[in-house]
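Computed from a predicted model, the values in this text were never measured in an experiment. Throughout, a chain's letter reflects where its sequence line sits, starting with A, and its residues are numbered from 1.
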Amino acid sequence: MAERQDFGLEQLQALLDSYGANRARWPTGLRTAAEALIDRDPEARAALAEAQRLDDLLSGASDPLASPELKARVLADASARRRFRLPRSISFGPFWKPAATLAAAAILGVALGVLVEPPLPTTAELSVEGEIGELALSSLYDAESQQ
Amino acid sequence: METMTAVAALRAIVPPVSGERSRAADGELMRRVAAGDAAACRFVADRHLDGIVRFAYRMLGNQADAEDVAQEAFMRLWQTSKRWKPNALIKTWLHRVAHNLAIDRLRLRKPSEAVEDAGLSDAGPGPGGHLQRDQVARIVDAAIAALPDRQRAALALVHYEEMSNIDAAKIMGVSVEAIESLLARARRALRASLSERRADLLGEP
């Protein structure tokens, strides 16, 4: 790929400002020119080092995970195909709770239903263009074996 | 136990999120979800729930709100399964819904509601002269929480969730140029707010 003549320190700084020091995240159209500049220009390497220091700082942020209770609620929602989310105070362990608790949860869920916004989103991504076609499992295996 | 074996089998056929194969595999997964396949639901949750919680946490600043948003996003995913578009990606779809839900919550939040761990002025290094991991996290989290909502969203999507600029732009409903501008402003603000404590945060002498 021919080196871009219009890619200088200003463009590199703009790239680093947006995407940081991780080259894998740079837009592919700019990566070669940026790397060539870094290879030949000490100021460019200094800018890259500064961006890396910020990336290192940002890597110190929390890395929260889903609680086991949340995962249980999510999977319970999948089973029940609820139209409204039960609050956190209703907990599900790895096994179904006794019937009385489930009944209480159902009653509470109905009561909450009038308070929760309609669950179906209306973004463009959800428009249906046709029936979802069958995809044979064998085709997934074939694709995997071609790696 | 059967579900766990089935989940392991699914893991063998569904590639990491990328490209056409991933779209096809996600389409197959959602077909199974629509059919009530418990293993498929568990597989989707295993693959994406932590990422959605993490993204929502960055947006909202506390675990409880993040988990509420995550649960709501997944509930909508389950409900949408029968109408799933074949070329959609589960990861992008979930992040878009979570982003919209988080923005709605932020709009309803009173200015006085603080995030859980505001710690920019947190205590200094411990006896060994180094900040503990949780102290570092509190300081960095607070700096991120102080960003304007859209800058924080762009940073969370691109830097932490490793979304492409194109996917982040779709999720936020803006142009790629707008994403790049938001990212640049966010990173400059963070560089400024964290610069005084950089040595402590990086464990430098």
Inset, instruction - List for me each residue that meets ring-ring contact (aromatic ring centres under 6.0 Å, His included) alongside B:Phe55, sequence neighbours excluded, and say none if there are none. - result: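 Expected list: B:His95.
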How long is the span from the [atom1] atom in [X] to the [atom2] atom in [Y], to the nearest 0.5 Å?
X: A:Asp77; Y: B:Gln79; atom1: CG; atom2: CD; result: 8.5 Å
X: A:Leu75; Y: B:Asp46; atom1: CG; atom2: CG; result: 7.5 Å
X: B:Glu67; Y: A:Leu65; atom1: CD; atom2: CG; result: 10.0 Å
X: A:Leu15; Y: B:Leu183; atom1: CG; atom2: CG; result: 11.0 Å
X: B:Tyr160; Y: A:Leu58; atom1: OH; atom2: CG; result: 4.0 Å

Donor-acceptor contact below 3.5 Å, side chain [X] vs main chain [Y]:
X: A:Arg25; Y: B:Glu162; answer: no
X: B:Asp50; Y: A:Ala66; answer: yes
X: B:Arg138; Y: A:Ser62; answer: no

Inset, instruction - Could you tell me which portion of B:Arg54 (side chain, backbone, both or neither) has an atom closer than 4.5 angstrom to a non-hydrogen atom of chain A? - result: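 Answer is both: backbone and side chain atoms of B:Arg54 are under 4.5 Å from chain A.
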Legend entry - Per-residue contact mode, B:Arg185 against chain A (heavy atom under 4.5 angstrom):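 Neither; nothing under 4.5 Å.
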Inset, instruction - Considering only NZ, NE, NH1 and NH2 on the basic side and carboxylate oxygens on the acidic side, decide whether B:Arg191 and A:Asp17 come within less than 4.0 Å. - result: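 Yes, B:Arg191 and A:Asp17 are salt-bridged.
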Legend entry - Check: B:Leu49 and A:Val74 side chains under 4.5 Å, non-hydrogen atoms: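 Yes; the side chains approach each other to less than 4.5 Å.
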Legend entry - A:Ala61 versus B:Ile144, closest heavy-atom pair with distance: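 That would be CB-CD1, 4.1 Å.
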Inset, instruction - List the atom of A:Leu70, the atom of B:Ala70, and the distance in Å for their closest heavy-atom pair. - result: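 Looking at all heavy atoms of both residues, the closest pair is CD2-CB, 4.2 Å.
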Legend entry - Partner chain B: residue of A:Pro64, A:Ala24, A:Pro27, A:Ala14 with the largest heavy-atom pair count (under 4.5 Å):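 Counting heavy-atom pairs under 4.5 Å, the top option is A:Pro64.
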Inset, instruction - Quick one: do B:His159 and A:Asn22 satisfy side-chain contact (heavy atoms from CB on, under 4.5 Å)? Show the steps, please. - result: CA-CA 10 Å; B:His159 184 84; A:Asn22 186 342; over 6 Å; no
Inset, instruction - Can you establish whether the number of heavy atoms outside B:Ile166 located under 6.0 Å from its atom CD1 is more than 12? - result: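 Incorrect, the count does not exceed 12.
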Legend entry - A:Gln52 CD: over 12 foreign heavy atoms closer than 6.0 Å: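 Buried by this count: over 12 neighbours within 6.0 Å.
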Legend entry - Residues forming a side chain to side chain contact (heavy atoms under 4.5 Å, CB included) with A:Ala51, sequence neighbours excluded: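 In terms of side chain to side chain contact (heavy atoms under 4.5 Å, CB included), with neighbours along the sequence ignored, A:Ala51 is linked to A:Leu16, A:Ala21, B:Arg187.
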Inset, instruction - Go through the atoms of A:Ser59 and report whether side chain, backbone, both or neither lie under 4.5 Å from a heavy atom of chain B. - result: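 Backbone of A:Ser59 only, per the 4.5 Å heavy-atom cut-off to chain B.
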